[in-house]
*Asks:* 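Okay, here's the structure, questions in a sec.
Chain letters run A, B, ... following the sequence lines, proteins first, then strands; residues in each count from 1.
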2 protein chains.
Amino acid sequence: MWLIMLQLRDLPTPEVLQRFAQRYPAADVTAIASFLMLLRVATDLSVALDACLSKHELLQGRWWVLILLMRETDLTSTPSVLAEKLGVTRATMTGLLDGLEQGSLVQRISVPEDRRSVKIRLTAAGQAKLDAVMPDYYTRLRQCMRGLSEQQRNDLQAILGVIDHGMSAWDFNQSI
Amino acid sequence: MWLIMLQLRDLPTPEVLQRFAQRYPAADVTAIASFLMLLRVATDLSVALDACLSKHELLQGRWWVLILLMRETDLTSTPSVLAEKLGVTRATMTGLLDGLEQGSLVQRISVPEDRRSVKIRLTAAGQAKLDAVMPDYYTRLRQCMRGLSEQQRNDLQAILGVIDHGMSAWDFNQSI
DNA sequence: TTGACATAATTAGCCAGCTAACTATAATGT
DNA sequence: ACATTATAGTTAGCTGGCTAATTATGTCAA
């Protein structure tokens with residue numbers, strides 16, 4: 001579920017793009033340029049986020065779990081649901097929860113009604129950790145986005161929505 | 001160079017965002033919403049790319065290396081420069097090149113002028129591999145972006161540029 | 001010219017994701 | 001009732017990033 005991608009420090013020059021487009025007629029240079037820049041900025045953001053969280057002794061995966069729990073009105077969820085929402089396997093979620101429970105940021109609570117299942121609850125310490133981290137994170141994020149007008153923020157979300165929709169075509173014949 | 005991030009399948013509802021903004025006054029809801037969507041779409045793209053490449057028995061990291069080499073007019077570079085351009089450590093690059101050399105897609109050539117250094121060259125097999133992969137990749141990418149007007153592609157790149165610039169503020173007092 | 005430092009690449013070992021296999025429990029259908 | 005199937009969570013082992021240390025070579029200044 002990680003945006004683990006190389007940071008691609010080096011975007012192609014227009015000349016290089018042109019050369020690729022000549023060799024490969026399927027190439028759409030403005031699509032490629034947009035795609036590469038999107039990946040690069042997103043990766044940079046993710047790396048910056050890691051750096052911010054590490055100052056609070058948190059890893060990105062565990063932090064997202066805390067946030068997902070805080071989104072719930074009863075501060076509670078289950079490993080399966082959390083894994084689904086975070087886009088990781090349940091095995092990975094087990095590991096994330098082990099780490100968080102070790103730090104007493106969440107607790108596992110057994111569920112009598114279904115003895116296969118476990119409830120995960122954000123502890124007071126977990127909430128306190130978020131209260132320490134979130135203002136820092138939000139402040140940085142605000143700085144990061146401060147150059148964007150309200151119009152541009154809307155545009156960005158609309159554009160991303162179009163890409164997201166177009167992506168369903170990516171896998172159109174994946175099953176080869 | 002990896003965008004390794006969780007897939008964040010589950011974006012917060014406006015109500016949840018509002019609740020967070022009340023608890024944390026530093027929050028800027030439109031900045032947060034844009035940020036989360038950006039991360040999600042980028043991760044989805046990266047995952048889709050992985051799927052596309054795996055059909056050609058390539059991993060993303062190695063594939064980017066091949067592309068970086070093909071960008072050079074002499075199809076040649078060095079491990080250090082490639083690592084820099086890809087945003088990975090030189091240790092990681094050693095591993096990527098080991099894999100590529102194993103598959104005969106690149107070759108290491110010793111450099112008499114500086115015996116510490118090695119030249120990496122894209123082989124004919126490496127070029128052939130790219131010739132097989134790139135049309136597939138470009139076709140999918142074109143599909144993915146087909147919903148975006150020329151205007152929107154320009155807007156996207158401009159917006160990403162602003163974010164990229166704003167990001168320098170992210171680390172403004174990183175050195176604690 | 002030689003000792004201190006810088007640079008290129010590699011190696012060894014860590015870490016957090018992954019898949020696949022497993023245990024336990026629940027649901028379903030004959 | 002009971003065998004089959006599905007589901008929740010975990011465990012074991014793999015992978016491809018990472019950092020830190022290592023080897024070899026080059027550079028520079030006293």
*Asks:* Return the 5'-most residue of the pair A:Asp114, A:Ala91 with respect to DNA chain D, ranking by each residue's nearest nucleotide.
*Replies:* A:Asp114
*Asks:* Could you check how far CG of B:Leu100 sits from P of C:dT10, rounded to whole Å?
*Replies:* 13 Å
*Asks:* Would you kindly give the CZ-to-C1' distance between B:Arg116 and D:dT27, to the nearest whole Å?
*Replies:* 8 Å
*Asks:* To the nearest angstrom, how far is A:Glu113 atom CD from C:dA26 atom P?
*Replies:* 10 Å
*Asks:* Charged N to carboxylate O under 4.0 angstrom, A:Arg121 versus A:Asp74?
*Replies:* no
*Asks:* Any donor-acceptor pair under 3.5 Å between the side chain of B:Arg115 and the base of D:dT25?
*Replies:* no
*Asks:* In whole Å, I'd like the distance from the CG atom of B:Leu82 to the P atom of C:dT10.
*Replies:* 11 Å
*Asks:* Do NZ/NE/NH1/NH2 and the carboxylate oxygens of B:Asp98 and B:Arg108 come within less than 4.0 Å?
*Replies:* yes
*Asks:* Within this structure, what is the CG-to-C1' distance between A:Leu96 and C:dC18, rounded to whole angstrom?
*Replies:* 12 Å
*Asks:* Classify B:Thr89 by what it touches in the nucleic acid, base, sugar-phosphate, or nothing, heavy-atom distance under 4.0 Å.
*Replies:* base
*Asks:* I'd like to know if A:Glu72 and A:Lys85 make a salt bridge, using a cut-off of under 4.0 Å between side-chain N and carboxylate O.
*Replies:* yes
*Asks:* Can you tell me which nucleotide in D:dG9, C:dA20, C:dA8 comes closest to the side chain of B:Ser117?
*Replies:* C:dA8
*Asks:* Rounded to the Å, how far apart are A:Asp50 CG and D:dC18 P?
*Replies:* 12 Å
*Asks:* Tell me, do A:Pro79 and A:Leu97 make a side-chain contact under 4.5 Å, heavy atoms counted?
*Replies:* yes
*Asks:* For a quick test of reading the model: is some side-chain N or O of A:Arg90 closer than 4.0 Å to OP1 or OP2 of D:dA8?
*Replies:* yes
*Asks:* Is there a side-chain polar atom (N or O) of A:Arg108 under 4.0 Å from OP1 or OP2 of D:dT10?
*Replies:* yes
*Asks:* Does a side-chain N or O of B:Thr92 approach OP1 or OP2 of D:dG17 to a distance below 4.0 Å, or not?
*Replies:* no
*Asks:* For the pair B:Arg146 and A:Asp28, find out whether any cationic side-chain nitrogen is under 4.0 Å from an anionic carboxylate oxygen.
*Replies:* no
*Asks:* In whole Å, I'd like the distance from the CZ atom of B:Arg62 to the P atom of D:dG16.
*Replies:* 6 Å
*Asks:* In whole angstroms, how far is the P atom of C:dA9 from the CD atom of B:Glu101?
*Replies:* 13 Å
